[in-house]
Number of protein chains: 2
Amino acid sequence: MASLGELERSVMDLLWAGQEAATANTLRDQLARTSAARGGPGHEGKELAVTTVLTVLSRLEKKGLVERERGTRPHRYQAVSSRADHTAELMHEVLGSAPDREAVLARFIGSVSEGEAETLRKLLGHL
Amino acid sequence: MASLGELERSVMDLLWAGQEAATANTLRDQLARTSAARGGPGHEGKELAVTTVLTVLSRLEKKGLVERERGTRPHRYQAVSSRADHTAELMHEVLGSAPDREAVLARFIGSVSEGEAETLRKLLGHL
DNA sequence: TGCAGTTTTCTACGCTTCGTAGAACTATAA
DNA sequence: TTATAGTTCTACGAAGCGTAGAAAACTGCA
């Protein structure tokens, strides 16, 4: 239960981008304004109903990606983990289902840019 | 369009396991017999109709994961790429959608077993 | 050459997920 | 205590997936 729909992803992107917890209304506005909402820049996001945003937020909460403060009245929503953490976790998930992990890693490393290979060497160096 | 359903995955597992191209009937039998079909061992797979297997194979073909020889009468199906290649590609896909690739890699490396870290070091060494 | 069996394609149905939002309910501020 | 802002409930249509029958296409044999 890890994959996200298009709107769900847009919402997560906003939550990951902002450091503060956001309300449904804030997000709604950002979705309407931001080009992050629908792919390419120059493409203004759609005007969504607040209920739509709330539904999506609930679903994201059920999926464990979002956490909400129920105390305050306009509930405030925030991502449970950073985008980097989440993505890394996803990568592990993908890798995890493979019986031939080493082979996968080999292929993976094989098609990484030189710059990133360098980064990886550094990261692996001091372990 | 990368995610697979449960049955689709079972079929891919069989195709990845065998080296020869297989027919729908062969796969049907293997699905009925193998425990690879449904998770745990000891759990015998279900008896599926051949048409079911064929439908799934067509869908996998459309997704670009499977390739079929139309020449021979019982068509023969095989995986387009190895499981390792496919999985590595998936990992790149997941990583690719992140603007903060380096941060993701850092998190990813951070939670890799020591054995695998060693493997990675070796792989990165001779590049 | 025409049939009987085999294989493939077409069509379809039920279930689940996702985008979308109205209706109804609830808390809050004045 | 009531208008108003916010939340939950319910729902519908599209797409993806498991599943398979019906129909069409093909093959080997009589």
Side-chain angles (χ1 to χ4, degrees), chain A residues 1-15 21-32 34 36-39 43-78 90 97, chain B residues 1-15 21-32 34 36-39 43-78 90 97:
Chain A
M1 223 220 226
S3 78
L4 299 184
E6 198 171 352
L7 178 54
E8 290 176 330
R9 177 153 297 277
S10 296
V11 169
M12 285 313 295
D13 279 343
L14 288 174
L15 290 179
T23 70
N25 253 298
T26 307
L27 290 169
R28 192 204 70 89
D29 292 345
Q30 283 177 285
L31 284 169
T34 318
R38 294 243 180 281
H43 187 316
E44 309 302 313
K46 297 178 59 176
E47 290 268 342
L48 294 174
V50 196
T51 50
T52 301
V53 179
L54 281 165
T55 302
V56 167
L57 283 168
S58 292
R59 287 176 183 165
L60 288 171
E61 189 187 25
K62 184 182 300 179
K63 291 185 188 181
L65 293 186
V66 157
E67 175 174 75
R68 93 168 82 184
E69 296 171 34
R70 281 198 141 86
T72 67
R73 186 48 181 178
H75 293 182
R76 303 183 78 77
Y77 301 81
Q78 64 191 329
L90 267 193
S97 69
Chain B
M1 219 218 227
S3 78
L4 299 184
E6 198 171 351
L7 180 53
E8 291 176 330
R9 177 152 299 277
S10 297
V11 169
M12 285 314 294
D13 279 342
L14 289 175
L15 290 179
T23 71
N25 254 299
T26 308
L27 291 169
R28 193 203 70 89
D29 291 346
Q30 283 177 286
L31 283 169
T34 317
R38 294 239 180 281
H43 186 314
E44 308 303 314
K46 297 177 58 177
E47 290 268 343
L48 294 174
V50 197
T51 50
T52 300
V53 179
L54 281 165
T55 302
V56 167
L57 284 169
S58 292
R59 287 175 183 167
L60 288 171
E61 189 187 24
K62 183 182 301 179
K63 291 185 189 182
L65 292 185
V66 157
E67 174 174 76
R68 93 169 84 182
E69 296 172 33
R70 281 198 143 85
T72 66
R73 187 46 183 181
H75 294 182
R76 304 182 78 78
Y77 300 81
Q78 64 192 328
L90 267 193
S97 70

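Below, each value reflects all heavy atoms present in this structure, side chains not excepted, and no hydrogens, waters or symmetry copies. The sequence lines fix the lettering, A, B, ..., with proteins before strands; numbering per chain opens at 1.
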Touch class at under 4.0 angstrom, heavy-atom based, for A/T55 against every strand present: base
B/E8 CD - C/dT16 C1' separation (whole Å): 14 Å
side-chain N/O B/R68 vs C/dT7 OP1/OP2, d < 4.0 Å: no
Minimal non-hydrogen separation, A/A49 against A/R28, with atom names: C-CD, 4.3 Å
Can you give the donor-acceptor pairs under 3.5 Å from side chains of residues 57-65 of chain A to other protein atoms, not counting sequence neighbours?
from, atom 1, to, atom 2, distance (Å)
A/S58, OG, A/L54, O, 3.2
A/S58, OG, A/R68, NH2, 3.3
A/E61, OE1, A/R68, NE, 3.2
A/E61, OE1, A/R68, NH2, 2.8
A/E61, OE2, A/R68, NE, 3.4
A/K63, NZ, A/S3, O, 3.2
A/K63, NZ, A/E8, OE1, 2.9
A/K63, NZ, A/E8, OE2, 3.2

Gap between atoms CG and P, on B/L60 and D/dG18 respectively (whole Å): 9 Å
DNA chain C-proximal residues of residues 69-77 of chain B, any heavy atom under 4.0 Å: B/R70, B/R73, B/P74, B/H75
N/O (side chain, B/R59) to phosphate O (OP1/OP2, D/dT19) under 4.0 Å: no
Non-hydrogen atoms of B/Y77 and B/V66 that approach each other most closely: CD2-CG1, 3.9 Å
Whole-Å distance separating the CD atom of B/E61 from the P atom of C/dC10: 12 Å
Rounded interatomic separation in angstrom, taking CG from B/L27 and P from C/dT8: 11 Å
Rounded interatomic separation in angstrom, taking CG from A/L4 and C1' from C/dT17: 12 Å
Taking every non-hydrogen atom, the tightest pair across A/P74 and A/T23: CB-CG2, 4.2 Å
Contact under 4.0 Å: A/K46 side-chain N or O vs C/dT20 OP1/OP2: yes
Side-chain touch B/L7/B/L31, heavy atoms, less than 4.5 angstrom: yes
Closest to side chain of B/A49, choosing from D/dA20, C/dT8, C/dC18: D/dA20
Length of the CD-C1' vector between A/E6 and C/dG19, whole Å: 10 Å
Whole angstrom value for the distance that separates P of D/dT7 from NZ of A/K62: 18 Å
Smallest separation among heavy atoms of B/R70 and B/H75, with atom names: O-NE2, 3.7 Å
Atom-to-atom span, CG of B/L54 to P of D/dA24 - whole angstrom: 18 Å
Minimal non-hydrogen separation, A/R76 against A/A21, with atom names: NH2-O, 3.2 Å
B/T52 side-chain N/O to D/dG18 phosphate OP1/OP2 under 4.0 Å: no
A/K63 side-chain N/O to C/dC18 phosphate OP1/OP2 under 4.0 Å: yes
Phosphate OP1/OP2 of C/dT6 contacted by B/N25 side-chain N/O (<4.0 Å): no
